[in-house]
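Each ligand, and each atom within it, is numbered from 1 in the order the structure gives. All figures in this text were calculated on a predicted structure; none of them were measured in a lab.
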Amino acid sequence: MSFQALLLTQVDGQTHAAIARLDDDQLPQDGDVLVAIDASTINYKDGLAITGRSPVVRKWPMVAGIDGAGTVVSSSHPRWKAGDKVILNGYGVGETHWGCLAQRARLKGDWLVALPDAFTTKQAMGIGTAGYTAMLSVLALERAGVRPDDGEVLVTGASGGVGTVAIAVLGKLGYRVVASTGKADEADFLKALGAAEVMDRAALSAPGKPLQKERWAAVVDAVGSHTLVNACAQVRYGGAVTACGLAQGMDFPASVAPFILRGVTLYGIDSVMAPMARREEAWRRLAEDLAPDRLAAITKEIGLGEAIEAGRRIVEGGMRGRVVVDVNR
Ligand code: NDP
């Protein structure tokens, strides 16, 4: 059967992105579940792949799309049968294995999570890797023992995918959330999502002192670089910080002072190879702790033909919340 896909090719070191018509016969053979994709999404990493701005894609040509949700067409994997609704996040899909910005994908059954009853496939992609990573961050803070009455939680990169879902979840759980953003005009939107206060990200983005005034009980950081360093320097004694992103930069020009003098703990968050039990826990908790109206407020829907432009926009920092891609329009 033929289908549409966002195909990435490389010519003379340049990435080219185009909507192409492919056939089931061309799909990768190292997969045991054929999925009819309903929806995908544009994550920051998809933007990097589509624009070629970072070497995300490791095999050419590549179908883009690190996330997908849809219905199993056929399966030789014991956990899945035709008709099952499934979600795929990461595992190198869209990087080394053909991805889900396509109407069809052949995937490994070991990579798939059952779609929670609480979500449609489009809602699951409204969450996507960014939202599931936000929940992995919240779970890490909970395991660190952080509780709502411990004090304020800082969320950086607040208007982005990880940030908006983190704010919505933490707000619903009763935390007092402070949202750090570069978009002053999104303050009302971030408060409606669950932030108690909004601050200008410029206050965190320049080099600062190794130890600063203690403020945060915890931090969910999606930005890295000086922002993460300053956030760590402002965490209260015994607090916790999660690091998942590099929107400001991959560098971490820090001092050990917050860790050795204030007992601050820094948790690394990886969504790509996260173990299945943790993925399932994250999706279960998203079904409980992400209010549908908040998810709707952060989500915008586009068609497959608009995905290339959306990929360009997200790497320029111009996206608010999350974008669902209906691959069938
Ligand atoms: P988005 O682009 O949706 O959000 C990133 C946000 O960071 C922007 O909206 C902006 O928010 C802020 N930002 C952008 N540029 C800068 C800058 N120069 N300095 C400070 N802040 C900046 O991306 P996602 O939320 O989807 O992803 C966030 C990060 O997390 C990315 O780096 C992504 O690669 C990473 N990630 C990592 C995962 C993992 O497994 N570890 C999984 C998912 C994402 P505002 O305008 O509000 O300040």
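- Among protein heavy atoms, atom 27 (O) of ligand 1 sits closest to Val162 CG2, 3.8 Å.
- Closest to atom 29 (C) of ligand 1, if we only count protein heavy atoms, is Ala222 O, 3.3 Å.
- A side chain to side chain contact (heavy atoms under 4.5 Å, CB included) with Leu27 holds for exactly one of Val63, Leu34, Leu107; it is Leu34.
- Taking only nitrogen or oxygen atoms, main chain and side chain alike, Thr129 does not reach within less than 3.5 Å of ligand 1.
- In the model, Ser159 has no side-chain atom that pairs as donor or acceptor with a side-chain atom of Glu186 under 3.5 Å.
- Proximity of Ile269 to ligand 1, defined as any heavy-atom pair under 4.0 Å, is confined to the backbone N, CA, C and O atoms.
- Contact annotation: for Arg201 versus ligand 1, heavy atoms closer than 4.0 Å belong to the side chain alone.
- Between Leu8 and Ala17, the closest heavy-atom pair is CD2-CB, 3.5 Å.
- For the pair Ser159 and ligand 1, the shortest N or O to N or O distance falls below 3.5 Å.
- Counting heavy atoms under 4.0 Å from ligand 1, residue Thr181 touches it through both backbone and side chain.
- Residue, atom and distance of the protein heavy atom nearest to atom 42 (C) of ligand 1 are Thr133 OG1, 3.1 Å.
- Within 6.0 Å of atom CZ in Arg278, 12 or fewer heavy atoms from other residues, nucleotides or ligands are found, so the atom counts as exposed in its surroundings.
- Using a cut-off of 4.0 Å between Lys/Arg side-chain N and Asp/Glu carboxylate O, Glu309 and Arg312 are scored as salt-bridged.
- Backbone and side-chain nitrogen or oxygen atoms of Gly163 are examined, and none is located within less than 3.5 angstrom of a nitrogen or oxygen of ligand 1.
- The Gly245 neighbourhood of ligand 1 comprises atoms 29 (C), 30 (O), 32 (O), 35 (C), with distances under 4.0 Å to a heavy atom of that residue.
- The closest approach between a heavy atom of Ile314 and any atom of ligand 1 is below 4.0 Å.
- Under a 4.0 Å heavy-atom criterion, Val223 is in contact with ligand 1.
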In sequence, state the C-alpha distance, the side-chain angles, and the governing distance for Arg329 and Glu306, and then conclude on salt bridge (charged side-chain N to carboxylate O under 4.0 Å, His left out).
-> CA-CA 10 Å; Arg329 80 167 167 90; Glu306 298 161 277; 3.8 Å; yes
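- The pair Asp38-Lys122 does not count as a salt bridge, with every side-chain nitrogen at least 4.0 angstrom from each carboxylate oxygen.
- Atom numbering of ligand 1 starts at 1 in the shown order; those under 4.0 Å from a heavy atom of Gly182 are 45 (P), 46 (O), 47 (O), 48 (O).
- Given atom 3 (O) of ligand 1, the protein heavy atom at minimum distance is Gly161 N, 2.9 Å.
- Sorted by first then second residue, the side-chain hydrogen bond (donor to acceptor under 3.5 Å, both in side chains) pairs that include residues 162-175, not counting sequence neighbours, number zero.
- Between the side chain of Arg236 and the backbone N or O of Glu214 there is no donor-acceptor pair closer than 3.5 Å.
- Given atom 37 (C) of ligand 1, the protein heavy atom at minimum distance is Cys244 O, 2.9 Å.
- Inter-residue side-chain proximity for His226 and Ser205 is flagged as unmet; no heavy-atom pair is nearer than 4.5 Å.
- Taking all heavy atoms of Gly321, Ala247, Gly317 into account, the minimum distance to atom 15 (N) of ligand 1 is reached by Ala247.
- Residue Gly160 approaches ligand 1 through these ligand atoms, each under 4.0 Å from one of its heavy atoms: 1 (P), 3 (O), 4 (O), 9 (O), 25 (O).
- At a 3.5 angstrom cut-off on N or O pairs, Lys183 counts as close to ligand 1.
- Residues in residues 97-122 take part in these ring pair (Phe, Tyr, Trp, His ring centres under 6.0 Å) pairs, two or more places apart or across chains: Tyr91-Trp111, His97-Trp111.
- Atoms of ligand 1 lying under 4.0 Å from any heavy atom of Asp270, numbered from 1 in the order shown and given with element: 40 (O).
- Within 6.0 Å of CG on Asp117 lie no more than 12 heavy atoms contributed by other residues, nucleotides or ligands.
- For the residue pair Ser40 and Asp67, no side-chain donor N or O sits within less than 3.5 Å of a side-chain acceptor on the partner.
- Residue Ser205 places every heavy atom at 4.0 Å or more from ligand 1.
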Decide salt bridge (charged side-chain N to carboxylate O under 4.0 Å, His left out) for Lys191 and Asp188; before the verdict, give the C-alpha distance in whole Å, the side-chain angles of both, and the deciding distance to 0.1 Å.
-> CA-CA 5 Å; Lys191 285 183 180 166; Asp188 289 344; 5.4 Å; no
May I have the step-by-step check of side-chain hydrogen bond (donor to acceptor under 3.5 Å, both in side chains) for Thr156 and Asp221, ending in yes or no?
-> CA-CA 5 Å; Thr156 65; Asp221 179 68; 2.6 Å; yes
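- The shortest contact between atom 19 (N) of ligand 1 and any protein heavy atom is with Gln248 CB, 3.5 Å.
- Under a 4.0 Å criterion applied to the non-hydrogen atoms of Ala130, ligand 1 contributes the atoms 26 (O).
- Both the backbone and the side chain of Leu246 come within contact range of ligand 1, each with a heavy atom under 4.0 Å.
- The closest protein non-hydrogen atom to atom 23 (O) of ligand 1 is Tyr44 CB, 3.6 Å.
- Of all the atoms in ligand 1, the ones that sit under 4.0 Å from a non-hydrogen atom of Ala158 are 47 (O).
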